[in-house]
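These notes concern the structure reproduced below.
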Amino acid sequence: MLKQNRNWTDNPILSVEHLTMRFGGLVAIDDLSFDVGRGDITALIGPNGAGKTTVFNCVTGFYKPTEGRIALRRDQHATDEALHELTRSGRQYSETDKGSIFLLERMTDFRITEVAGVARTFQNIRLFGGMTVLENLLVAQHNKLMRASGLTIGGLLGLPGYRRAADAAKDTAIEWLRRVDLLDRADDPAADLPYGAQRRLEIVRALCTDPVLLCLDEPAAGLNPRESTELNTLLKYIRDEHGVSVLLIEHDMGVVMEISDHIIVLDYGKKISDGTAAAVRSDPKVIAAYLGVDDEEVDDVERDLNVKTGHDATAGGSL
Amino acid sequence: MAETNFPTATAYPEGAERLSEEQREAMRGEPPFAEAPPTDSRLVRALKEAGITAGLIAVLTVFFFAFKTDIAAGGLALTADPIQWIVWIAIAFVGRFVLSYLVFANDKPTVGGWKKITAATAGWPVGKVIGAILLLVALTLPFLLSTFLPSQNRYLLDLSILILTYVMLGWGLNIVVGLAGLLDLGYVAFYAVGAYSFALLATNFDLGFWVCLPMAGLFAALWGVMLGFPVLRLRGDYLAIVTLAFGEIIRVVLLNWANFTGGPNGILGIPKPTLFGLEFNRGAGSFSDFFGIPYSPIQRFIFLYYIILALALLTNFVTMRMRKLPVGRAWEALREDEIACRSLGINTVNVKLTAFATGAMFGGFAGSFFATRQGFISPESFTFIESAIILAIVVLGGLGSQLGVVIASVVMIGGIELLRNLTGLQAIFGAGFDPTEYRMLIFGLAMVLIMVWKPRGLVSTRSPSAIYKAKKKIGADLVAQGEGH
Ligand SMILES: Nc1ncnc2c1ncn2[C@@H]1O[C@H](COP(=O)(O)OP(=O)(O)OP(=O)(O)O)[C@@H](O)[C@H]1O
Ligand SMILES: [Mg+2]
């Protein structure tokens, strides 16, 4: 575990601290803390019902967490002191030249996307099915266009400022469609697309909101091997060329292990492992969680694993 | 695994992938086993069907047509009348044969001709052509009526004004229900607010129609926002019920707040609109006096007609324009998926409020027009049935379709009027039949039939608001209907 690899502790974009989410008696997330590194692809994995989607819903404001702080630092210069000050002040966010910080647990869902710059996709794809592919991407640029249309008045009168903004928005949309190979379907209703294309469309729609952090809930679910390879390429492109940090939930270990800079493993709402792909892969707790072994048996498993350490590196890939 | 490579396509991962994809592709298309084509030729099949029909008719009608009982001395006399029976069987046979052979047969049916026409015109903007024709007719209607139907001129003009009022209301409600997908059962409230705002402003402050019109619209929009706030969190049925209640509350308040609204007596003496200060009556300073033409009461009707036409066209223009703006697109996105909207940073509260306010504003305009046309308003004009009719127009026309609303208004309002005059039905149901009593029943039946035939309304396609290369219509099956449908 080399020090320079731990980008998420040195330069986090998102810091989740002591996050707890209760639904009545059910504790879906239990005192969870983790960091997401700026410019990293971070994977959140865990067995079914571990609470991964709930974490997403807390980060994107769809649920109000029972306890905990979720801080988003839009740029590097935001200091811990500034974060403390903001937390005490009771405000939702502070935007200064020293760096802007957003306390996501205090903000409502749409403000998180609009102001803080966090975009997301859903486990069950949520496209605007009756609208065309192009329209889907234009809706995503709503806030930008709304300002340009002078809250509709300028748009109604057809002022040149709005027309320029509308053309620019269309160009952005077309650029993204070209990137994910959907340009020839631009005028088709989104519901008519095959499943893999819908996934890609949902991702670029989220990207059209100009996020700094993109949260993807099982983007590779239901994709064939070729499509998930394309997805890997797309995610790397987003990270490298657009500087967007990516947080993703994924069950497909092929995707996770190949592209993630950082993996966080959840089980029953608790973090059981946190580190690079190689570190997590060989963590006996993770293996135990995935194989459904009881906590007491973990030690046994660990002992077993230590015996066959040589096997570990190859077996981990197909977790 | 790595050492055992078979030289088959499936052993290479890529080949296997391709194969599975090809299989999927194949599954997506036509089912591989098509049904065996029917062996009978079209003629034989048609003859068979005609034979069956004729047989059924023969059995069913044998007692009605083949035998006849007459009162004769000492009882009944049975006379056989096979000719009539055979004639009816022949009619059934021929009728069924013609239908089967020419219409129902699927290898070359007559409807094929119609399909060919639709296919040939698929590239054309059919909706635009119909819209342009309707617009032309609407613009010249007063002259058409006075030249071709001078005897019924006034009645028909009045009816056209009524239809146009409903077109405008339908277009207004279409924003809320059709575009934003929020089921509003209390739209008449805004119509009432518009009418009463205008009436009260005009009678209390002596203001004219043109000054009050925008104010009435603004008041109605304000009420739209006021209604919007409490119902924002409601979904589906709850939204429908609260809006329904809101419509009733407004009416009950108007009824009971007697010293402000006049209560059940309503408001009398609402001023008529003027054309730049020219009134439409006899005497000096009137329209006819100014232009030196003889006075005729029809002039005022024509003027009113053009006012409501202009208002309706304004509604349409603004709506069509807004659909292509971010607000309009957000309305439709809201109808499709509210949660996805919020995940894209759209303030759905504002989006809903703008939809309510815009729809309410046009309702308010229509309301003040109604007040000035009638010269008298009372709470009785704003009952739930109005909301229901307007909603029926929107649903019948096809949610979100502007042209559909026009067609549905003409069919519904014109239809109700037409049924009032259907004295011809007395020939069938006897002299005691009063068509006005049954018109709602007949009308309801007609609506049920239309909805069975076209469940998503008369115009059930959506045209996209932004185009990359080619404009493609979107079928109604893909378009969501929003809350409460
Ligand atoms: N709104 C809610 N109300 C009550 N319980 C909830 C709610 N949302 C999630 N839960 C519960 O919280 C737990 C975690 O659910 P969550 O959807 O976060 O799991 P997940 O890790 O995303 O699982 P999967 O891999 O199947 O998507 C589950 O037991 C679930 O039943
Ligand atoms: Mg989940």
Side-chain angles (χ1 to χ4, degrees), chain A residues 60-62 108-115 117 119-122 126-136 138-149 151-152 155-156 158 162 166 169-170 173-174 177 183-184 186-192 194 202 205-206 208-209 211 224-226, chain B residues 13-14 16-18 20-21 24-25 28 181 317-318 321-351 354 358 399-400 461-482:
Chain A
T60 53
F62 281 85
T108 46
D109 41 22
F110 74 92
R111 293 285 288 171
I112 287 178
T113 309
E114 186 187 359
V115 193
R120 72 170 292 178
T121 64
F122 295 88
R126 284 183 174 273
L127 288 171
F128 305 123
M131 302 175 85
T132 66
V133 169
L134 179 65
E135 284 179 297
N136 267 272
L138 292 178
V139 172
Q141 303 180 54
H142 176 82
N143 289 319
K144 200 164 58 179
L145 286 172
M146 202 66 191
R147 275 190 296 279
S149 75
L151 300 174
T152 307
L156 270 182
Y162 171 69
K170 202 162 150 182
I174 288 169
L177 289 178
L183 195 54
D184 53 331
D187 290 317
D188 290 334
D192 261 357
E202 206 191 10
R205 188 183 66 179
C208 278
T209 62
N224 64 30
R226 197 167 70 201
Chain B
E14 210 174 300
E17 218 173 277
R18 288 260 169 74
S20 89
E21 246 168 69
R24 269 207 246 169
E25 211 65 52
R28 235 172 258 150
F317 173 77
V318 171
R321 201 68 197 239
M322 283 181 113
R323 264 201 75 205
K324 295 192 163 66
L325 290 176
V327 239
R329 234 178 258 132
W331 289 339
E332 291 198 79
L334 185 75
R335 177 192 64 201
E336 297 284 329
D337 193 328
E338 185 176 343
I339 292 182
C341 273
R342 289 216 300 271
S343 84
L344 296 173
I346 296 174
N347 185 344
T348 48
V349 170
N350 285 354
V351 173
T354 50
T358 316
L399 290 173
T461 52
R462 169 179 182 268
S463 68
S465 68
I467 301 152
Y468 171 58
K469 277 228 172 78
K471 185 171 183 163
K472 295 178 193 165
K473 293 263 186 224
I474 299 170
D477 48 328
L478 299 177
V479 180
Q481 297 184 325

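Proteins come first, then strands; the chains are lettered A, B, ... in the order of their sequence lines, and each starts at number 1. Excluded from the calculations below are hydrogen atoms, water molecules and symmetry mates; all remaining heavy atoms, backbone and side chain alike, are included.
Interface summary for chain A: among B:Gly328, B:Ala333, B:Ala466, B:Ala330, the most heavy-atom pairs under 4.5 angstrom belong to B:Ala333. Interface check for chain B: of the options A:Gly129, A:Ala191, A:Gly61, the most heavy-atom pairs under 4.5 Å are formed by A:Gly129. The candidate with the highest count of non-hydrogen atom pairs below 4.5 Å against chain B, out of A:Arg126, A:Arg120, A:Glu114, is A:Arg126. When each of A:Leu138, A:Thr121, A:Thr60, A:Val115 is scored by its heavy-atom pairs under 4.5 Å with chain B, the top score falls to A:Leu138.
Looking at A:Leu145, both its backbone and its side chain come within 4.5 Å of chain B, counting heavy atoms on both sides. Using a 4.5 Å cut-off between heavy atoms, A:Lys144 makes no contact with chain B at all. Only the side chain of A:Asn143 comes within less than 4.5 Å of a heavy atom in chain B; its backbone stays farther off. The contact between A:Thr209 and chain B is made entirely by side chain atoms (from C-beta outward), counting heavy-atom distances below 4.5 Å. Looking at B:Arg329, the atoms closer than 4.5 Å to chain A (heavy atoms on both sides) sit in the backbone and in the side chain alike. Heavy atoms of A:Leu183 lying under 4.5 Å from chain B belong to its backbone as well as its side chain.
Looking at B:Cys341 and A:Phe110, their side chains never come closer than 4.5 Å, going by heavy atoms from C-beta outward. In this structure, the side chains of A:Thr132 and B:Tyr468 stay at 4.5 Å or more apart for every pair of heavy atoms. Between B:Ile339 and A:Phe122 the shortest side-chain heavy-atom distance falls below 4.5 Å. Looking at heavy atoms from C-beta onward, A:Arg205 lies in side-chain contact with A:Leu127 at the 4.5 angstrom threshold.
Using a distance-only test at 3.5 Å, with no hydrogens or angles considered, a donor-acceptor pair links the side chain of A:Asn136 to the main chain of A:Phe128. Judged purely by atom type and a 3.5 angstrom limit, A:Glu135 has no side-chain atom pairing as donor or acceptor with the backbone of B:Pro464.
Taken to the nearest 0.5 Å, the OH atom of A:Tyr162 stands 9.5 Å off from the CE atom of A:Met146.
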